[in-house]
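Step one of this worksheet: look at the structure below.
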Amino acid sequence: GPPYLAVEPRHQIVRCLGTETRRMPWGEVEARRIEVMDPARGPSEAFLLWVDAEDVVLGSAELQDPTQPWMTLESFTRT
């Protein structure tokens with residue numbers, strides 16, 4: 001589970017759409033923008049993830065409106 005990616009047992013398409021700088025509470029982070037889609041449900045239920053270099057999920061949003069994230073990581077301590 002968070003802050004790492006949790007998945008469903010069905011087949012999913014996971015595709016990197018590029019990289020961007022994300023503003024996080026601890027500073028700016030270079031993140032990959034990942035699209036996750038269940039082919040059985042189609043693109044209407046696809047969502048986005050922003051993932052750092054160590055695969056920690058920084059945030060997520062609906063694909064149709066990525067400007068309104070429904071999850072944002074507020075703090076994380078690496079051990």
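Note that the numbering runs from 1 along the sequence shown for the chain.
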- Item | Derivation of the side chain to side chain contact (heavy atoms under 4.5 Å, CB included) call for T21 and V29 | CA-CA 6 Å; T21 302; V29 177; over 6 Å; no
- Who passes side-chain contact (heavy atoms from CB on, under 4.5 Å) against M37, sequence neighbours left out? I13, P43, A46
- Given side chain to side chain contact (heavy atoms under 4.5 Å, CB included), test T19 with E30 step by step and report yes or no. CA-CA 7 Å; T19 61; E30 190 68 21; 3.4 Å; yes
Determine whether [X] and [Y] make a side-chain contact, defined as any pair of heavy atoms from C-beta on separated by less than 4.5 Å.
| X | Y | value |
| --- | --- | --- |
| L17 | I34 | no |
| D52 | R32 | no |
| E20 | W50 | yes |

- Taken in chain and number order and not counting sequence neighbours, the residues that satisfy side-chain hydrogen bond (donor to acceptor under 3.5 Å, both in side chains) with R33 are none
- Measuring from E35:CD to Q12:CD, what's the distance to the nearest 0.5 Å? 11.5 Å
- Query: What residues form a salt bridge (Lys or Arg N to Asp or Glu O under 4.0 Å) with E28, not counting sequence neighbours?
  - Reply: R23
